[in-house]
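Input: a single structure, listed below in structure tokens.
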Amino acid sequence: MTLHKGASASDRKRTARPVNPFYGEADPVSGMEESPPHNILPDGPVSPHTAYQFVHDELMLDGNARLNLATFVTTWMEPQAGVLMAECRDKNMIDKDEYPRTAELERRCVAMLADLWHAPDPSAAVGCSTTGSSEAGMLAGMALKRRWMRRNADRYPSSARPNLVMGANVQVCWDKFCNFWEVEPRLVPMEGDRFHMDAASAVGLCDENTIGVVAVLGSTFDGSYEPVAEICAALDEVQERSGLDIPVHVDGASGAMIAPFLDPELAWDFRLPRVASINTSGHKYGLVYPGVGWALWRDMEALPEELVFRVNYLGGDMPTFALNFSRPGAQVAAQYYTFLRLGRAGFRAVQQATRDVARSTAERIEALGDFTLLTRGDQLPVFAFTTADHVTSYDVFDVSRRMKERGWLLPAYTFPPNREDLSVLRIVCRNGFSHDLADLFLADLTQLLPELRQQTAPLDRPERLATAFHH
């Protein structure tokens with residue numbers, strides 16, 4: 001969350017501004033001489049119509065979420081899902097005693113995911129809903145650290161510092177976890193055309209202080225899967241050789257809701273005995289509006305009991321494992337609605353359509369001749385591309401800026417170490433980004449290229465604006 005400062009003295013001044021007389025509703029000239037202040041509470045109330053119109057008008061300046069090709073989060077759901085969420089928005093789902101059916105829907109979702117992800121004994125798997133994959137990842141990281149602390153009670157905290165091995169392509173929540181919970185991040189850098197962690201590089205950073213390895217099923221940088229099975233096999237060899245038993249957590253923020261339906265033969269989940277936990281974002285390819293995530297553990301051994309709080313809340317004994325407490329039940333209800341609505345066949349159809357859009361769009365961008373594809377949307381429905389070697393008049397940041405003029409939010413960003421030299425554009429295809437919308441996007445991009453080719457060089461830009469990628 002961005003930190004904000006309070007209002008300065010000049011910001012707190014009241015400024016009379018003419019406003020639309022229609023905001024006066026009953027009397028166009030009554031009490032509408034000035035607009036409300038922005039940084040201090042107004043002296044008194046205004047009508048609901050007026051308050052709505054002020055906020056509505058300002059929000060018109062936001063980008064159109066449906067045209068946001070940067071975000072992974074769901075930007076379209078059926079109207080029935082919206083109605084259901086509105087009916088549940090006032091339910092505090094943490095209060096399971098007062099809202100037992102909402103709690104039951106959460107339990108069913110966990111059970112469905114345990115089955116989908118091939119838990120050896122779905123009845124033994126444990127899990128919970130979260131506000132998103134960031135919270136889910138931090139909960140999984142806490143479990144990894146606590147298990148390691150148990151095994152190293154004679155050395156921690158006096159002489160041993162825990163570390164977590166992961167690729168430099170991980171989402172920022174893992175950097176936060178390491179910072180907040182005092183764990184050393186050991187990042188596998190990108191090298192050449194390897195844009196994520198592989199088995200050899202992961203094992204090379206592991207030692208007796210490694211609490212776990214985070215494998216990403218669907219890198220946000222380029223949409224590629226990390227080789228979870230190969231990483232697990234390499235760690236099996238480490239255990240045979242040294243006795244070190246290092247668990248794997250799969251960050252399946254996106255891929256855990258793609259691979260089960262489109263890549264069913266790919267072994268990445270609880271079929272691999274070394275996988276201790278998995279997280280996903282229900283609000284990404286789980287097809288639910290933000291924010292909801294899910295964290296699952298293979299069994300209770302993978303989730304130390306002392307991390308689970310048992311709270312006497314409103315007369316009920318409530319076990320909870322979360323970083324927050326109160327939150328609405330709307331997203332959990334919407335997740336269950338989506339599972340019930342689509343089933344396996346429906347999810348397969350939706351995700352296949354999204355992947356088809358990604359692959360065809362990638363091919364058509366490559367055919368323009370100005371761009372080189374890094375990935376093709378054949379794992380996550382996401383692909384990254386950069387300007388071809390012969391293109392010297394513009395760069396990816398020029399493309400991003402000019403496409404924004406046409407309403408498209410197309411992220412441009414540099415890759416992490418050791419490929420900071422590589423700047424790319426990335427397109428996230430989601431349900432709702434149809435072939436028709438892809439046609440419109442390509443028409444705008446094609447129309448723009450002649451102007452970009454006429455530039456003498458890429459436009460200068462402040463270094464701090466070198467990226468439009470924050471997901």
Side-chain angles (χ1 to χ4, degrees), residues 69 71-78 109 112-119 122 133 136 169 171 195-196 215-232 248 250-272 275 278-288 292-294 296 335 337-366 373-385 426-435 437-438 471:
L69 302 181
T71 185
F72 282 78
V73 303
T74 297
T75 55
W76 183 89
M77 290 188 75
E78 293 173 309
C109 288
M112 289 177 177
L113 289 172
D115 178 66
L116 184 68
W117 295 340
H118 299 96
S133 268
N169 56 301
Q171 212 266 355
F195 300 130
H196 56 227
V216 180
L217 195 72
S219 171
T220 58
F221 281 88
D222 64 356
S224 62
Y225 294 162
E226 289 187 335
V228 182
E230 294 176 16
I231 292 169
C232 288
V248 168
V250 178
D251 183 347
S254 295
M257 294 305 296
I258 293 289
F261 306 109
L262 301 188
D263 311 297
E265 302 306 316
L266 180 67
W268 63 273
D269 51 17
F270 290 127
R271 284 173 288 185
L272 303 171
V275 172
I278 302 171
N279 71 273
T280 197
S281 291
H283 60 230
K284 293 180 181 173
Y285 290 103
L287 308 178
V288 175
V292 62
W294 300 93
L296 266 70
Q335 184 72 85
Y337 166 88
T338 305
F339 285 165
L340 187 67
R341 169 79 171 87
L342 292 178
R344 288 179 181 258
F347 260 98
R348 188 176 302 113
V350 170
Q351 311 298 38
Q352 185 63 61
T354 306
R355 181 180 279 181
D356 290 346
V357 171
R359 293 177 69 173
S360 73
T361 305
E363 291 172 1
R364 294 169 68 184
I365 286 175
E366 184 179 41
L373 295 178
L374 277 65
T375 47
R376 296 179 172 273
D378 52 3
Q379 293 184 327
L380 286 189
V382 174
F383 63 94
F385 57 103
R426 188 202 64 200
I427 291 179
V428 177
C429 296
R430 305 177 307 280
N431 183 42
F433 183 67
S434 62
H435 283 289
L437 280 176
H471 298 274

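Computed over heavy atoms, backbone and side chain alike; hydrogens, waters and symmetry mates excluded.
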In the structure I gave you, are the side-chain heavy atoms of [X] and [Y] within less than 4.5 Å of one another anywhere?
X      : Y      : result
Val275 : Asp269 : no
Leu217 : Glu226 : no
Ile427 : Val382 : no

List the residues meeting side-chain contact (heavy atoms from CB on, under 4.5 Å) with [X], not counting sequence neighbours, and say none if there are none.
X      : answer
Ala114 : Ala119, Pro122, Ala125, Leu296
Gln379 : Ser224, Tyr225
Ala136 : Thr130, Asn279, Ala295
Ser434 : Asp436, Leu437

Is the side chain of [X] donor-acceptor paired with the backbone N or O of [Y] at a distance under 3.5 Å, no angle test?
X      : Y      : result
Gln351 : Met257 : yes
Ser281 : Gly293 : no
Ser219 : Phe221 : yes
Trp117 : Ala256 : yes
His283 : Val73  : no

Which pair of non-hydrogen atoms, one from [X] and one from [Y], has the smallest distance, and what is that distance?
X      : Y      : answer
Leu373 : Ala362 : CD1-O, 3.5 Å
Tyr285 : Cys429 : OH-O, 2.7 Å
Val357 : Ala438 : CG1-CB, 4.2 Å
Thr280 : Gly252 : OG1-O, 2.8 Å
Gly255 : Pro260 : O-CD, 3.8 Å
Thr71  : Val428 : O-CG1, 3.4 Å

> With sequence neighbours left out, what residues match Asn431 under side-chain hydrogen bond (donor to acceptor under 3.5 Å, both in side chains)?
Replying inline: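 So Asn431 forms no side-chain hydrogen bond (donor to acceptor under 3.5 Å, both in side chains) with any residue.
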
> Can you name the residues that form a side-chain hydrogen bond (donor to acceptor under 3.5 Å, both in side chains) with Thr75, not counting sequence neighbours?
Replying inline: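 Thr75 satisfies side-chain hydrogen bond (donor to acceptor under 3.5 Å, both in side chains) with Arg430 only.
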
>> I'd like to check the salt bridge (Lys or Arg N to Asp or Glu O under 4.0 Å) partners of Glu363; sequence neighbours left out, ordered by chain and number.
In response: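 If we apply the salt bridge (Lys or Arg N to Asp or Glu O under 4.0 Å) test to Glu363, skipping adjacent residues, there are no hits.
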
>> According to salt bridge (Lys or Arg N to Asp or Glu O under 4.0 Å), who are the partners of Asp222, at least two apart in sequence or on a separate chain?
In response: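 With neighbours one apart ignored, the set is empty.
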
List the residues meeting ring-ring contact (aromatic ring centres under 6.0 Å, His included) with [X], not counting sequence neighbours, and say none if there are none.
X      : answer
Phe261 : Phe347
Phe383 : Phe385
Phe270 : none

> Which residue pairs pass the salt bridge (charged side-chain N to carboxylate O under 4.0 Å, His left out) test with at least one member in residues 338-358, sequence neighbours excluded?
Replying inline: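 Every salt bridge (charged side-chain N to carboxylate O under 4.0 Å, His left out) pair that includes a residue of residues 338-358, provided the two are not neighbours, is Glu78-Arg341, Asp115-Arg344, Asp263-Arg355.
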
With rounding to the nearest 0.5 angstrom, report the [atom1] to [atom2] distance, [X] to [Y].
X      : Y      : atom1 : atom2 : value
Gln171 : Thr220 : CD    : OG1   : 6.5 Å
Ser360 : His435 : OG    : NE2   : 5.0 Å
Leu380 : Arg426 : CG    : CZ    : 10.0 Å
Leu266 : Ile258 : CG    : CD1   : 12.5 Å
Gln335 : Cys109 : CD    : SG    : 5.5 Å

> So, His196 and Asn169: side-chain donor and acceptor under 3.5 Å apart, yes or no?
Replying inline: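 His196 vs Asn169: no donor-acceptor pair found between side chains.
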
> Between Asp378 and Arg376, does at least one N-O distance fall below 4.0 Å, as a salt bridge requires?
Replying inline: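 Arg376 and Asp378: not salt-bridged.
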
